[in-house]
Every structure is written in structure tokens, then in C-alpha cells.
Amino acid sequence: MTEVPSAGSAEIGRRIGVGLMYGLFRPRVLGAWRVPATGPVIFAVNHSHNIDGPMVMGVAPRPTHFLIKKEAFIGPLDPFLLGIGQLKVDRSTADRTAITQALGVLDNGGVLGIFPEGTRGEGDFAALRAGLAYFAVRSGAPIVPVAVLGSSDRPGRLIKALPPLRSRVDVVFGDPFDAGDGSGRRTRKALDEATERIQKQLTAHLENARRLTGRRATL
């Protein structure tokens, strides 16, 4: 039987994230009140820098279980990430263990974090993979769009792989929405339609987040 990570383990990760993100950078969080206080939720996060996941974990009002590519689970990071409730996923195949764990998180009323673009890139939600639609339609959990802005503006002086220390990073939470059409259908056509609806919502949220924060149009 596949073990589902507990909210308690993710809460440990959230507390570590709080210390690191607020210690190293200056997060500005907008719209956190929009995140439902209870029940299953999916965070759909744009992804332009490696700190985007830890940043959301640290500033989100609820502990989050992120689906993270298995390549990140190397050396001591493997037991650490698993210990704080994160989910290892093999992106080269339909990873049944990761799928079962992710659905288990939602079934338990937890928060699942997904980078719907599948990999780090421009962070503009231009190319979505079908996984987000599947989890949203299958579970019925609302999606909360999350825009992380400023993490990839420029490299730090001391550590090039990180943004400059004490730099401003904006995290904007959007209004929750349902991806499905209410029919409960999980056919390929229904998932394709859900993906289109999701992309429109996420793109609109990103544009709104840029206006709210005064960030430039390109990341």
C-alpha cells in the first residue's frame, strides 16, 4: 500500500521554509486570504527559478506537498524532502506511486503543489502539462493560481544560483476555481477542455499579479 505523507511532515517543511525564505529574502505575499482554510486545494505555481517551490512552502498559509521531479532527490536531499512531506515523481512515465500519493494528499484534505509547466522555464504558464487537469478533475479540488515574481530577475553576487540576498520576491495567490465542467467526466476530451480552462485562468492571474506588483511583463 502506498504511504501518503502527513500534513504534519509538510508543516515541518513550512516552518523550515518560513525561516529560510524570510531570512534570506524579503517576500511580499498578496492574496493569501484567498486560500481556503480547510479541505483539499491544488496550488498551481509558475516556475522560473529553483527557489519558487521553497518560497511558496514558506509563505503559504497552509502546509504544502509539492510534486517534485525525482532528479532533485539526490544525496541527503532525498531523505530530507521525503521527511518534509514532498512527493517524488518520475516525469518520464505515468508514475503510479506519485499519482496515488498526490490523490491521497487531496483525499485527506491537504494542499498539493504543482508546477503545471512541468519544468523550470519562462514561468509564464505558456505550456501546461495534463497532470494538473487530471488531479483537479479527479479529486474535485479547487485550483489556487500562485504567481512567484522576482525570483529570476537577476542572480545573486555571492551565490549565482540564488536571487540576491534580501531581494524582494512577490508571491501572489489568486481566487480558487474549479477546473472541471461539473459533469465529473474524466475522458481525454474533458481533460483537454479542463487544461484550456486552467491555462486561461492561470495566464489571467499572472497578468493581474504583474499589475498588482508593478513587475515588468517578461520574467
Side-chain angles (χ1 to χ4, degrees), residues 4-18 20-21 27 29 31-32 34-73 77 80-91 95 97-121 123 125 128-136 138-149 151 169-177 179 198 201-202 205-206 209:
V4 177
S6 68
S9 60
E11 173 61 20
I12 294 172
R14 191 181 76 84
R15 293 179 182 181
I16 293 172
V18 167
L20 283 176
M21 294 301 108
V29 184
R34 293 188 171 98
V35 178
T38 59
V41 174
I42 299 174
F43 286 160
V45 186
N46 69 320
H47 196 21
S48 61
H49 197 284
N50 286 331
I51 72 156
D52 295 341
M55 180 63 69
V56 173
M57 285 177 61
V59 305
R62 294 176 60 184
T64 308
H65 305 265
F66 266 99
L67 277 169
I68 302 173
K69 62 183 180 180
K70 69 173 186 178
E71 291 83 359
F73 291 74
L77 278 178
F80 172 71
L81 291 172
L82 294 174
I84 61 171
Q86 305 311 295
L87 309 178
K88 183 192 302 188
V89 60
D90 184 349
R91 298 178 301 169
D95 189 335
T97 298
I99 292 170
T100 300
Q101 287 182 319
L103 290 173
V105 164
L106 296 171
D107 286 343
N108 291 340
V111 179
L112 178 66
I114 294 180
F115 299 113
E117 295 156 292
T119 186
R120 184 160 49 92
F125 293 126
L128 299 193
R129 296 163 72 99
L132 174 56
Y134 173 80
F135 288 120
R138 172 76 183 270
S139 68
I143 295 172
V144 171
V146 185
V148 182
L149 303 173
S151 59
V169 178
D170 294 321
V171 182
V172 186
F173 293 88
D175 291 316
F177 67 92
I198 291 168
Q201 292 271 12
L202 298 186
H205 171 66
L206 188 58

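Note that the coordinates shown come from a computational prediction; the quantities given were computed from them, not determined experimentally.
- Heavy-atom minimum distance, L81 versus A72: CD1-O, 4.0 Å.
- Smallest separation of non-hydrogen atoms from I143 and A136: CD1-CB, 3.7 Å.
- One finds the CG atom of N46 at 6.0 Å from the CG atom of D52 (value rounded to the nearest 0.5 Å).
- Using modelled atom types, no side-chain atom of R34 and backbone atom of V172 make a donor-acceptor pair closer than 3.5 Å.
- No side-chain heavy atom of P116 sits under 4.5 Å from any side-chain heavy atom of I198.
- Smallest separation of non-hydrogen atoms from P61 and A32: CG-O, 3.8 Å.
- Rounded to the nearest 0.5 angstrom, L149 CG and L206 CG are separated by 6.0 Å.
- Residues passing the ring-ring contact (aromatic ring centres under 6.0 Å, His included) test with F173 are F43, sequence neighbours excluded.
- The backbone N or O of H49 sits less than 3.5 Å from a side-chain atom of H47, completing a donor-acceptor pair.
- Between the CZ atom in F115 and the CD1 atom in I68 there is a gap of 7.0 Å [rounded to 0.5 Å].
- When all heavy atoms of R14 and M57 are compared, the pair lying nearest together is CG-O, 3.1 Å.
- No side-chain heavy atom of V4 sits under 4.5 Å from any side-chain heavy atom of D107.
- The shortest side-chain heavy-atom distance between M21 and P54 falls under the 4.5 Å cut-off.
- Under the side-chain contact (heavy atoms from CB on, under 4.5 Å) criterion, T97 pairs with T2, D95, Q101, not counting sequence neighbours.
- Atom OG of S6 sits about 10.5 Å away from atom CD of E11, to the nearest 0.5 Å.
- Distance check, rounded to the nearest 0.5 Å: CG of D175 to CZ of F177 gives 10.0 Å.
- Note that CZ of R138 and CD1 of I99 are 9.0 Å apart. Values are rounded to the nearest 0.5 Å.
- The shortest non-hydrogen separation linking P63 to V111 is O-CB, 3.5 Å.
- Other residues, nucleotides and ligands contribute over 12 non-hydrogen atoms within 6.0 Å of the NZ atom of K88.
- Between L87 and P5 the shortest side-chain heavy-atom distance falls below 4.5 Å.
- Listed here is the closest heavy atom pair of A10 and T64: CB-O, 3.8 Å.
- Distance alone, capped at 3.5 Å, places no donor-acceptor pair between the Q201 side chain and the V144 backbone.
- At least one side-chain heavy atom of Y134 sits under 4.5 Å from a side-chain heavy atom of L103.
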